[in-house]
Structures are given as structure tokens and as C-alpha cells.
Amino acid sequence: VAVSTATNRAPTTSRKATMAPVDVLSPFAESRASRLAAFARTPALLASASRVVTLPNAPLLSASHAPTAPTARPTSAYVVRPPSAAELEVLLSPSACNCRMSPGCDLRLMYRAAGNGEASAMAGWDVAAALAGQVADTTFAGRVVLGVLLDGPDAVRSEPGRTVEEIAGVTGNRLVTGCVLEPGCRVHGNVELADTHVLSGAAVVGCGSVRCPASTVSGSREGHGLDLLDGTADVEVGPEAGGGRVVGVNVDSTLVDVCHQLDMDGGGTGGIVAPLVSHGAAPGTSGPTVNVLCPGSAILHTPRVEHVYLGPGARIDSAASVASCLLGPGSRVEGGSTVSHALLQWNASISSGSDAHHVFLMERSAVGPHSFTANA
């Protein structure tokens, strides 16, 4: 209610400041939709036996939040195939890419077709020149899908003054195994990158070990109810009410829904009917055992990362250790922080040497600097 300052006018009701329910709840639905779409790409690319794969393009942040992410068509056709003898020679030649392949390595090249109807004709293209310009000094093992950008709409732009994080390609990695590295990703200078799907526009730079062990995935699911695909976790909240309570949370829930689950709203007597957001079952029983990095996200200069999902624009930058975490769009873990078993909604942050374990941080909440939180 806005009160007029004029003495001869009665108080007037202002224009409604509340948003329509569909607008208020849309970020929750969009966050879930982007996560399910990103996870669906991984098995399609790893398991496909065909030479042409048509996929919906991964969702992006707006240009103001992800200026380095490429512009996407609604769908794109990709060629996924083994390298030819000439391409393999360039990849392994010390005078060209200077890469190595471990015995039994199943390497496949991936590149986007100029148009969805042109993929079959482009399946036999020689991409050796693109490999020489974008891939170098990396050891590959296991099944790896290696993406390269081609001339045309995916052309690599050589602009001066860019950081390594912004340069598309795969260079200087001691070991890459069990990964999908899509065209336009930035993967440079890592010790070990395993079981990770890096979408176009995402980056993994200067890290120690970035992995997703099956034992970690199953242990998190069985011991803590954490499922990155479904966005769920069991959080044992503190003893402030006389004893710990296990609360099943969903990263796509509203604060109203969480308060209702904690019985903090009088059981709905205040006129608010929870849940505001209902979650259908995610396709499949569980997510694939891979880390997933959406466009515009990045893992930078962090010694240990395991079992993570990074939504569009999310970042792990110079953290100490991050394990079993879901980072929603625009969220951050930075500056020597140690985090495990955590769900972060969009634009939440953990920074400056903080510790966070078994927590659910809702939109725009922050932990840090030099803070500790657990079971919350």
C-alpha cells in the first residue's frame, strides 16, 4: 500500500507488486528442465552407434550472464565417429597434436553439422586441420568423445587478450578418460579428467583430479539420498528442536515448500497451500555416473572435484575440495572452500575459505567469508 504525501488525498493502493504465480515459479521449473536436458545428452553421445546424432541444444544463460556461451539453434545434428587414419596420424604426431592414446582407447570425434539436413554428407569430412588447431599434449584413455569446432557458425575466433578459460580446445591434460568433451568446450592443463561431460562453452582449467567414481555416486545416494539428476538429498537438520530430523529436500523447491515440510507454516492454516512446486519423477532410475558442466560453467584451479553438476554459469574457482554437489545456475564455490553433499540454488555462493557440508542453500544465499555450516 502506498500512502500519498498530499494532505487532501486519501491513501491509495499502488499497482500490484506481486508477480503472477507462473512468473514466480518459472526459475524452479527452468532449473530442473536444464538439468534433465543436460544429463540426457551424456548417454546419447556415449552409447550411440550411429554416425549422426540429433540433440536439442543445451540451455544457456542470458547473454548478460554468460557472454562466452555460444548461440544455439533449437536442435543440432552432430557427427560422432572414429577418427580416420589421417586424423589419427595428426592427433598422435609429435609435430602436430602430440597426443597419446592408451591401449584399448575408444576415441570418437564429434563435430556439429552446418545444418540438420547436412550431417550425413559431412560424416566423411577430414577434420585433421581442426584437430591440429584445437587439441594438443593430452593423453586419452577409455571411451572419449572429443569435439572440435569447424569453420562456419562454429568457427574459432582468435581474439587477443583472452584468458585460457575462454579458448576453445583440449590441451595440456595428463589424462582424459571416460569423458564427453563437446565442440567448443575449454579443457586445459588438468592432471586428471575422468567421467566428465563438458558441454560447449564450459571450462575445466588447471585442476588436479576431476572425477566421478561410481562408489562415490552410490554412497551419496544410499547414505545421504543425494541424486544429482533428480536434485534430491536428505539433510539431517540440527538438534535445535530436541533432536536431529532428516528432511528430504529438492533443489527445485521453494522456501514455502521447505517450511511446510518442516511444519513451520501451521499446516497450511495461513492460507498458503503447499507444495507450490510439484516434481515429477526424473526419467530413469538415476543419473549417469558422470560430472556434468553446462554452458558457461567452469571448474578452475581446484585440486579435487568429485560427483558434481554445474548449471549454466555456475563456477568452482580455486576451491580446496568439492564433492557430491549440485550447483544451480550462477552459483559459486570459491576461494579455498571445502564443500560436500550440498545443493545450491541459483546465485548461491560459498566463498573465502568456508566449509559447508550436508546443506541446502536456497536462491542468492551466501556462506562466507571464513564461515562454517553443516546439517542445515
Side-chain angles (χ1 to χ4, degrees), residues 31-32 34-36 38-39 42 178-179 190 192-198 202 204 207-237 244 246-253 279 282 284-294 297-300 302-311 314-329 331-334 336-346 348-351 354-362 365 367-368 371-376:
S31 176
R32 182 175 181 82
S34 66
R35 185 174 69 255
L36 297 182
F39 270 113
T42 307
C179 293
N190 303 289
E192 178 189 19
L193 182 65
D195 306 315
T196 299
H197 187 167
V198 188
V204 183
C207 294
S209 176
V210 179
R211 308 185 306 142
C212 191
S215 58
T216 300
V217 176
S218 60
S220 295
R221 185 182 300 118
E222 295 168 5
H224 308 286
L226 181 66
D227 190 314
L228 297 186
L229 173 65
D230 209 27
T232 56
D234 294 335
V235 178
E236 184 177 358
V237 296
V246 176
V247 180
V249 297
N250 190 299
V251 73
D252 306 308
S253 295
H279 308 290
T285 55
S286 62
T289 54
V290 293
N291 304 313
V292 175
L293 283 74
C294 290
S297 66
I299 303 176
L300 310 174
T302 299
R304 174 180 174 265
V305 177
E306 286 189 359
H307 187 212
V308 296
Y309 165 84
L310 276 68
R315 295 172 70 87
I316 298 173
D317 191 351
S318 303
S321 175
V322 180
S324 299
C325 293
L326 189 157
L327 281 71
S331 59
R332 305 185 313 278
V333 176
E334 310 174 302
S337 297
T338 301
V339 184
S340 67
H341 301 94
L343 304 178
L344 279 68
Q345 282 188 346
W346 48 94
S349 64
I350 302 170
S351 62
S354 298
D355 281 16
H357 307 281
H358 304 282
V359 297
F360 176 22
L361 301 184
M362 302 196 78
S365 56
V367 175
S371 303
F372 175 86
T373 184
N375 303 103

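For this chain, numbers begin at 1 and follow the sequence in order.
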Next item on the list: Show the numbers, then the answer: is there a side chain to side chain contact (heavy atoms under 4.5 Å, CB included) between V217 and C212?
Entry: CA-CA 7 Å; V217 176; C212 191; 3.6 Å; yes
Item checked: Main-chain N/O of N291 paired to D195 side chain as donor or acceptor, under 3.5 Å -> no
Next item on the list: Kindly determine whether L36 and L229 satisfy side chain to side chain contact (heavy atoms under 4.5 Å, CB included), including the steps that lead there.
Entry: CA-CA 7 Å; L36 297 182; L229 173 65; 3.5 Å; yes
Check: How far apart are the C-alpha atoms of V305 and V204, what are their side-chain angles, what is the distance that settles it, and do they pass the side chain to side chain contact (heavy atoms under 4.5 Å, CB included) test?
Finding: CA-CA 11 Å; V305 177; V204 183; over 6 Å; no
Check: Of the non-hydrogen atoms in A314 and L310, which two are nearest, and what is the gap between them?
Finding: O-CD2, 3.8 Å
Checklist line | Check: E306 and P213 side chains under 4.5 Å, non-hydrogen atoms | finding: yes
Item checked: Interatomic distance, L326 atom CG to S331 atom OG [nearest 0.5 angstrom] -> 8.0 Å
Note to self: Assess, by modelled atom type and distance only, whether the side chains of E192 and S209 contain a donor and an acceptor separated by less than 3.5 Å.
What the structure shows: yes
Item checked: Carboxylate-amine/guanidinium proximity below 4.0 Å for D230 and R35 -> no
Next item on the list: Kindly write out the residues that satisfy side-chain contact (heavy atoms from CB on, under 4.5 Å) with A233, not counting sequence neighbours, or none if the list is empty.
Entry: L226, V249, L343
Note to self: Has S337 got a side-chain atom pairing as donor or acceptor with S354's backbone, closer than 3.5 angstrom?
What the structure shows: yes
Note to self: Can you list everything that forms a side-chain contact (heavy atoms from CB on, under 4.5 Å) with V322? Sequence neighbours excluded, please.
What the structure shows: V308, I316, A319, C325, V333
Next item on the list: Over all heavy atoms of both residues, which pair between A348 and L361 is shortest? Give the atoms and the distance, please.
Entry: CB-CB, 4.1 Å
Next item on the list: Calculate, to the nearest 0.5 Å, the distance between atoms CG and CH2 belonging to D252 and W346 respectively.
Entry: 7.0 Å
Next item on the list: Determine the interplanar angle of the H224 and H341 rings, folded into 0 to 90°, and report it as parallel if under 30°, tilted if 30 to 60°, perpendicular if over 60°.
Entry: tilted
Check: Quick one: NE2 on H358 to OG on S340, what's the gap to the nearest 0.5 Å?
Finding: 5.0 Å
Check: Side chains of R315 and L300: closer than 4.5 Å at any heavy-atom pair?
Finding: yes
Next item on the list: Determine the minimum heavy-atom distance between P329 and S31, stating which atoms define it.
Entry: CD-OG, 3.8 Å
Checklist line | A194 backbone acceptor or donor facing T196 side chain under 3.5 Å | finding: yes
Margin query: Has Q345 got a side-chain atom pairing as donor or acceptor with V251's backbone, closer than 3.5 angstrom?
Written below: yes
Notebook entry, point to check: Would you say the side-chain atoms of N190 pair up with the backbone N or O of V210, donor to acceptor, closer than 3.5 Å?
Noted result: no
Notebook entry, point to check: For residues T216 and H307, is any side-chain donor paired with an opposing acceptor at under 3.5 Å?
Noted result: no
Check: Looking only at heavy atoms, what is the nearest atom pair of F39 and V290, with distance?
Finding: CE2-O, 4.2 Å
Next item on the list: Could you pull out all residues at least two apart from T338 that satisfy side-chain contact (heavy atoms from CB on, under 4.5 Å)?
Entry: A320, S321, D355, H357
Check: So, the side chain of N375 versus the backbone of E236: is there a donor-acceptor pair under 3.5 Å, distance only?
Finding: yes
